Structure formats: C-alpha cells, structure tokens
Amino acid sequence: MQQQEDKRIRRTKKLLRQALTRLMQQKDFQSITVTDVVREADINRGTFYAHYRDVYDLRERIEAEMIADFRGMIAGLRPSEIATLQPVLSRAVDYLEENREIVTALIKVSGVEGFGKKLIGVLEECRLEGMPFRSVEDIYIARFVAMGVVGMLEKWITEAQPIPKHEMISLMAKVLAPLMQS
C-alpha cells in the first residue's frame, strides 16, 4: 500500500514539474500562478498544496532535485576522473541534454543567479575535491573554471541548433586543458 502512495506522489510531482516547464516556456515565471500550474497538470489545488507552498517553492525544489541528481552522478566518479573534469563534463552534458526543456526554462527564469549558480557551486566543489592541499590560487581557478563551464553549458543548452554533444565536450576540454594542469 505504501509503495502505491509513493508511486502516486512521484507521478503527481512529475506532472507538476512538466506543467511548470510548459508554462515557463510560454510566459514569464512571475506571472505563473498555482491555478495555472494545477490547470496545466490537471490536478486539484489541494494536491498541489500538499507538496508545495507556491510556484516558487515548486521551482526551488525542482532545482534542488536536479542538483542532487547531478551530485549523485558525479559521486560515482573516481578522484582521478574528477581531477581531469572530462568525465564530469561528459555527465553534465548528458544530464543537461536529457533535461533540456526544464533546464532551458530554469536558465531563462533565473539565469546565473538561480540554477546556474547552483551548478557553478557543484563544479567548483568537484575541482577542489581532489586536491589534498588548496592554495588561494586553486580556489580562484576552481571558480573561474566552474563559471566558464556553466557559461558554455548555458549557451549550448539554450541554442536552437547547438553543436553536437561530443563536440561540446571536446571544446570544453580544449578550453580547460591549460587550466587543469595547475
């Protein structure tokens, strides 16, 4: 019985996420109401409030879940793989491509201040994680690398005709190669 409830809750949250994504593609986030979301998701208002306070809470939780998913993907990598960032970049590109619609909508709504800033934090942590000793320069370089990667990914994910995934990974690796040696 409990598993049935979990399945229904997951389905409801997925419907709400999809509804918010569609709405963010159609209009400004600030003008989206709970009524818009529940109508789009075809669920009742009480169900929405059983899970979220408002549309801002829904968006924040979606972002948090996506960042947690991304952290989980990276957690499976060995320290040597994280140090080169190549597997991290590959996983980032795969994840963003799989979630293109919601990521594009989130970036459009909050840009570098929201979802992008959270991604920067994750990539910065990755760069610093494998370093037993961190100098002040390492910390600044990690921020520079993370912001550059997120900037490139934001441009790639929001373009109508992006370059192929493997080319994007190669381009980022080429740009980052000199920085990864420090």
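Given the structure is predicted, the values throughout are model-derived calculations rather than measurements.
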Working to the nearest 0.5 angstrom, can you tell me the gap between K165 NZ and S90 OG? 7.0 Å
For V38 and R45 the tightest heavy-atom approach is CG1-CA, 4.0 Å
Can you confirm whether the side chains of S31 and D28 place a donor and an acceptor under 3.5 Å from each other? no
For V34 and Y49, run side chain to side chain contact (heavy atoms under 4.5 Å, CB included): C-alpha distance rounded to whole Å, both residues' side-chain angles, the deciding distance at 0.1 Å, then the answer. CA-CA 9 Å; V34 170; Y49 286 115; 3.5 Å; yes
Return the minimal non-hydrogen interatomic distance between T21 and A105, and the atom names on each side. O-CB, 4.3 Å
Is the number of heavy atoms from other residues, nucleotides or ligands within 6.0 Å of CZ (R11) greater than 12? no
Please report the shortest heavy-atom distance between A173 and L89, naming the atom on each side. N-CD1, 4.3 Å
The test is side chain to side chain contact (heavy atoms under 4.5 Å, CB included); show your working for M168 and M172 and say whether it passes. CA-CA 6 Å; M168 185 63 191; M172 286 190 295; 4.0 Å; yes
Hey, does V93 have a side-chain heavy atom less than 4.5 Å from the side chain of L153? yes
Let me confirm one number: the CD1-CG distance from I157 to L96, rounded to the nearest 0.5 Å. 5.0 Å
Short N-O contact, E125 and R71, less than 4.0 angstrom: yes
More than 12 heavy atoms from other groups under 6.0 Å of CG on D42: no
Look up atom CG in L23 and atom CD1 in I32, then write down how far apart they are to the nearest 0.5 Å. 5.0 Å
Over 12 non-hydrogen atoms of neighbours within 6.0 angstrom of CD in E167: yes
Point-to-point distance, once rounded to the nearest 0.5 Å, from CZ of R143 to CD1 of I120: 6.5 Å
Salt-bridge present (R53, E60; N to O < 4.0 Å): no
Quick one: does any side-chain atom of T47 pair with a main-chain N or O of I43 as donor and acceptor, under 3.5 Å? no
Test I74 against V122 for side chain to side chain contact (heavy atoms under 4.5 Å, CB included), laying out the working first. CA-CA 9 Å; I74 293 169; V122 172; 3.8 Å; yes
Look at the side chain of D69 and the backbone N and O of M66, then say whether any donor-acceptor pair between them is shorter than 3.5 Å. no
Before accepting this row, confirm whether a basic side-chain N of the pair D57/R61 lies closer than 4.0 Å to the acidic partner's carboxylate O. yes
Non-hydrogen side-chain atoms of T33 and V55 separated by less than 4.5 Å: no
Using ring centroids (six-membered ring only for Trp), state whether F144 and Y140 fall under 6.0 Å. no
Are more than 12 heavy atoms, taken from residues, nucleotides or ligands other than K27, located less than 6.0 Å from that residue's NZ atom? yes
Taking all non-hydrogen atoms of both residues into account, name the closest pair between M24 and L106 and its distance. CE-CD2, 4.1 Å
Would one find more than 12 heavy atoms of other residues, nucleotides or ligands at under 6.0 Å from atom CZ of R39? no
Distance (rounded to the nearest 0.5 Å) between K14 NZ and L16 CG: 12.5 Å
Shortest non-hydrogen contact from P162 toward R100: CG-NH2, 3.8 Å
L58 and F48, any side-chain heavy atoms less than 4.5 Å apart: yes
Drop me the distance from Y95's OH to M73's CE, to the nearest 0.5 angstrom. 7.0 Å
Do E97 and W156 have side-chain heavy atoms sitting under 4.5 Å apart? yes
For the residue pair R91 and F70, would you count it as a cation-pi contact if the rule is NZ or CZ under 6.0 angstrom from the ring centre and within 45 degrees of the ring axis? no
Where the side chain of R17 meets the backbone of I62, is there a donor-acceptor pair that is under 3.5 Å apart? no
So I102 and N99, side chain to side chain contact (heavy atoms under 4.5 Å, CB included) or not? Walk me through it. CA-CA 6 Å; I102 185 66; N99 296 281; 3.8 Å; yes
